[in-house]
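Just so it is clear: chains get the letters A, B, ... in the order the sequence lines come, proteins before strands, and each one is counted from 1.
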Amino acid sequence: MRNGLSHGLWQRLALLFLAIFLLGSSSLARAQQGAAAPENKYVGGQVCRTCHPDVWLNFNRNPHFKSVAMGNQTPEKTGCEGCHGAGGNHVAAKGGKATIKAFSTMTPGQALDTCLTCHSKDISRANIRKSAHTEADVACNNCHSVHKPATPKFLLAKQQTQLCYTCHADVRAQFEMPSKHRVNEGAVQCSDCHNPHGAFAETWRTGTGSTMLTNARENEQPCLKCHIDKRGPFVFEHEPVRVEGCAACHQPHGSTNAKLLRRPVVFTVCLECHNGGGTFGRQGNGVQAQTSSHNLQDPKYQRCVLCHVRIHGSNSDSNFLR
Amino acid sequence: MTNTRFAILLFPALLAPGLLAQDTVAPTTGEPVGSARGTNKGDYNIVQSWEAGYRFMSVGGDRGKYSGDVNYRDGFRLLSSQMTVNSKDGKGKYFDEIILSTQGLGNDPYESAVLRVAKNGLYRYDLSWRQNDYFNTALVVSAGQHAQNTVHRWEDHEVTLFPEKNFRIRAGYGGVSLDGPALSSQQEFDTKGDVYPVFRNIRERFDEYRIAADGRFKNFKFTVQRRWEFYKEDTKDNQILALKGTAPALLTSFVRPQPYRGRTPGWMGNIYGETRWIALNAHASYSSGTGDYAQNELAIGLDRFGSSANRQIAVRAHGNRPVAAGDFATTVLPGKRFSIVNNLSASNTRMNGSNLFQQYDASTLSFATVNFQFLGIRLVTNSTDAHFRISKRLDVFGGVRFSQREIRSIEDTADAGSKFDGVSGQQTNSTKAGVFGANVFLGKAFRAHFEGEIGRNDNPLTPVSLRDYHAIRSKLQYRTKTWTLGGGYNDNYNTNSVQITAYSAHSRTYSANGSWTAKSWVSVDAGYSKLHLDTIGGIVFFAGSPRAVRVTDQQSMYVSNIHAANIGLRFALRKYADLVVGYNLTKDTGDGRAMLTAQSSANAQILYNAQTFPLTYQTPLLRLSVRLTEKLRWNVGYQYYGYHEDFGLLSLNQGYRANTGYTSLLWAF
């Protein structure tokens, strides 16, 4: 087990962590000292009400209203100016997008920075800087609508499913297949499995393109949040479930095949791996092929899970028969 | 294009059944009732809507398949409700905000409720509850084996104290349960014996209790969470009637209780800091799962030779799974245009346990034991990505990824003669991949995203794992106030060829979608996707008569070409009525064959029949909503579900046609 990752490598990684953390700490302090003072004057939200009565009248229903109600926030974190910046110049100029922080004129990065001023403290957004959405320049205001939300919770611009479909039209097609997770029906939401704000690396497979999957209970694949019987621990684990993940056999969004399987007939799912060839498997001598007692011309042997009923893992049988 | 030509082209689209503000016909959404929304009560403003009605359904064909796919049934429902209560000045006595929304209460197969109650600065309570009644088809096909639903229920409660402060405390409870019938199967009394259906009464319950603290110290935010999880399963397998197998086999009695109790306490810590040019995020978690299991299986009957059989299997087992995982992400932001992100993650999973398996044969009194197995997985992943904004119109990004994984397993038994005795294995594999891409912005309306990835795993675990692969992901989008047009192309290619297992998988997805909101009273949206998949892999099996022989000269092929389309229209007659029509279609044309034809050999026939699975699934819908008064609307809707398989691949025809609909009153004020 130590051949690939020696003890020394772990020590070097630990030292690297420490060095980067210390560097980060000192830079934080330097950055605080160098913060620029605002040029504008804060005028307070009541002034904004004069020209934006429609926004103000509904603002008490908005979660951001609490910055006003609590009365203990600094002006740069209170009400309208908490997001749009000081309004002094805007008032003096009698409006105009050039004199205020208007989200419609911001770059994605600027919008992200503005929102993170307050919204960075939740762990759910700890990875937003490295998320695939940020990399693709999808910023907060692409999905959230602060003043005209479709949902009072999270202030989404549309219902979550429709919002995600706006860009992920191919995924929508998968959720309209006969066998699928019930996203369109409201039983499941995209955010049950994905964190649109970015996620930690997956712990069950080697990294490829980020799918922003949320690790269930910090270090497990998200399927196990609901499919509790597949979680184990089992005395006899079916390795691909732990090593490659559920997607080795299932299509997670939807499929034309029953049980969201990758193939319509189950024996092909099994035998494409269990063919004994190559250097695959735990022992490097191929994944165990079936034995001569399985005559595939007999239909019952074409349905492997008829007998291997505990295919996700078993506590009593190494061949998952019970 | 002239306006006239455009109108001619558009007209059929307007007539086509279609829009999809949503994909199920009910509940009704999007139809406002009057302009005045909300009433004031004391210091609070209340906005609410309630939709109640009757849902009806009739099914022809395979009802089991319908219940597995759709499962809407007759009956009265509270189809949806929404309520918000907000204090007008943000200084309510006990609360400042209540948000409640529900769907499908009263026996719809998809029921949910979300509740938030909050007092600014003091507390926030969040509840999420969902229930899905689903038809558990047990095996690969439904075959209408039974007509009862399994109930899958989720709930989560979380209380946050001082939610807006620099230090806050969270405590929560989450529960998941499954309860209901399913069919399973059991082979008796040996590996060549008959397979009998077995009734399974599923009873599973997961409970999680957690407490956490979030804090901020200078520019660092930290989170610490302690978690306790409990899992119990009391599923019991029973055979109700004596089942006759292939003569002279007979299973007269079968019972298998198999209780399981598991516990997984865990810790999680996270520390996060960010300033103008650097962001750091460190995360670590540890959980230690254990499970205790017992089984007492008793099967009585006649074996395939006609001899009486009386077999008892007793198992007691204990499993452990400690999992440790850590992540360290560094984001360097040297300027407005440039960022570098490095993420290093490591996880270590060890699964081991003891298992005592005892099998008693009443005639021979023989027994066998298997008592230990270990599986360990260690994974280290590093990714480094750089993102550079060249101009307002263009930015580019690229990155490298490296993963190293070690898998070690031990099989050991107390039976020195067993093939599992002392078998151990170790395998190390690494994945190296590169990604690159660009984002293009032309004005505010147009954006494009291109991304490519190429990678290689030097020693994949299975023949279908990624070995030599590449992927392309691209999206185009044009958005104005009235138009949204989008398109995308994705492909994923993987080859994993050695010896017998020449495996390759190609998937390509093309998609296009658009919506047009011409006026507030008319809108159209439509989408089309083509999902192509072809795979070919080596396959080895035994087949033949009278003796099965090893077959290595066949290949497993699978081809699907799925065309998925949706189109819809929303038309409003001023404030008085809303009409929504929509159509969804999923059609797998397979590999183009019109029918299954006879092959030259029985072995070739087995694989030929499994190569493609053409089918059609369509769900048109129609909904009309009429305003009765300023606060009241009457809604009626109809949705058809049609499922048709072109070939009887699975030895039975699972096609169905279902007519569903509803009528309701929506009261909003």
Side-chain angles (χ1 to χ4, degrees), chain A residues 1 4 24 27-28 31 60-61 66 69-70 121 123 126 129-130 136-137 152-153 169-170 173 176-178 184-187 200-201 203 206-207 209 218-219 228-229 233 235 237 243 256 258 264-266 268 271-273 275 277-278 280 282-283 289 292-293 295-297 306-307 309 315-316, chain B residues 23 69 86 90 99 110 120 132 185 187 195 206 219 221 223 268 272 275-276 280-281 285 289 293 315 317 319 321 323 325 327 331 341 345 347 353 355 375 381 401 403 409 425 428 431 439 449 462 498-501 509 511 513 527 529 537 539-543 548 556 564 588 610 613 617:
Chain A
M1 197 72 156
S27 69
L28 291 175
N60 73 308
R61 292 182 198 158
K66 60 173 70 80
M70 290 170 64
K121 62 186 176 183
I123 187 174
R129 293 286 182 192
K130 69 182 183 73
D137 274 338
K153 199 173 173 183
D170 52 326
E176 286 166 354
M177 291 181 181
N184 294 338
E185 289 78 3
F200 294 107
T203 57
T206 54
E218 311 306 331
N219 50 33
I228 49 179
D229 55 321
V235 174
E237 300 275 358
V243 178
T256 50
V265 183
V266 73
T268 54
L271 297 188
E272 285 179 6
C273 287
N275 57 25
F280 304 107
R282 293 178 298 174
Q283 276 86 43
S292 59
S293 62
N295 186 344
L296 214 62
Q297 287 183 10
L306 267 177
C307 299
V309 291
N315 282 300
S316 65
Chain B
D23 294 289
D69 290 351
N86 292 94
I99 299 172
Y110 314 104
N120 292 337
N132 178 17
S185 45
Q187 188 176 33
V195 179
F206 171 84
N219 273 21
K221 297 106 183 176
T223 295
M268 183 275 288
Y272 173 75
T275 182
R276 188 171 297 174
L280 305 169
N281 186 31
S285 68
Y293 174 84
V315 180
R321 185 173 59 207
V323 183
D327 301 84
T331 305
V341 180
S345 298
S347 68
N355 168 294
L375 174 65
T381 301
R401 317 224 186 291
S403 300
S409 65
T428 302
T431 302
N439 296 300
H449 173 80
T462 74
V498 287
Q499 296 179 17
I500 293 169
T501 66
T509 305
S511 63
N513 64 304
S529 295
I539 194 166
V540 173
F541 57 91
F542 286 84
S556 172
D588 188 346
F613 192 55
Y617 180 61

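In this structure, chain A has heavy atoms under 4.5 Å from both the backbone and the side chain of B:Phe206. Looking at B:Ser556, the atoms closer than 4.5 Å to chain A (heavy atoms on both sides) sit in the backbone and in the side chain alike. The part of A:Met70 that comes within reach of chain B is its side chain, from C-beta onward, which places non-hydrogen atoms under 4.5 angstrom from that chain. Proximity to chain A (any heavy atom under 4.5 Å) is shown, for B:Thr462, by both the backbone and the side chain.
In terms of heavy-atom pairs under 4.5 angstrom with chain B, the leader among A:Val243, A:Ile228, A:Thr268 is A:Ile228. Among the candidates B:Ala564, B:Ser511, B:Gly527, the residue making the largest number of heavy-atom pairs closer than 4.5 Å to chain A is B:Ser511. When each of B:Gly289, B:Ala543, B:Ala325, B:Ala548 is scored by its heavy-atom pairs under 4.5 Å with chain A, the top score falls to B:Ala543. Counting heavy-atom pairs closer than 4.5 Å to chain B, the top-ranked of the candidates A:Ser292, A:Ala136, A:Pro152, A:Pro178 is A:Pro178.
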For side chain to side chain contact (heavy atoms under 4.5 Å, CB included), just list the numbers for B:Val323 and B:Ser347, CA-CA rounded to whole Å, side-chain angles, deciding distance to a tenth of an Å, and then say yes or no. CA-CA 7 Å; B:Val323 183; B:Ser347 68; 5.5 Å; no
Side chain to side chain contact (heavy atoms under 4.5 Å, CB included) for B:Val341 and B:Thr331? Distances and angles first, verdict last. CA-CA 4 Å; B:Val341 180; B:Thr331 305; 3.8 Å; yes
Decide yes or no on side chain to side chain contact (heavy atoms under 4.5 Å, CB included) for B:Tyr293 and A:Ser316, but give the supporting numbers first. CA-CA 9 Å; B:Tyr293 174 84; A:Ser316 65; 4.1 Å; yes
Does the pair B:Asn281 and A:Phe200 meet the rule for a side chain to side chain contact (heavy atoms under 4.5 Å, CB included), with working shown? CA-CA 10 Å; B:Asn281 186 31; A:Phe200 294 107; 3.3 Å; yes
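Side-chain N or O atoms of B:Asn120 include one that pairs as donor or acceptor with a backbone N or O of B:Gly90 at under 3.5 Å.
Between B:Thr223 atom OG1 and B:Met268 atom CE the span is 6.0 Å, to the nearest 0.5 Å.
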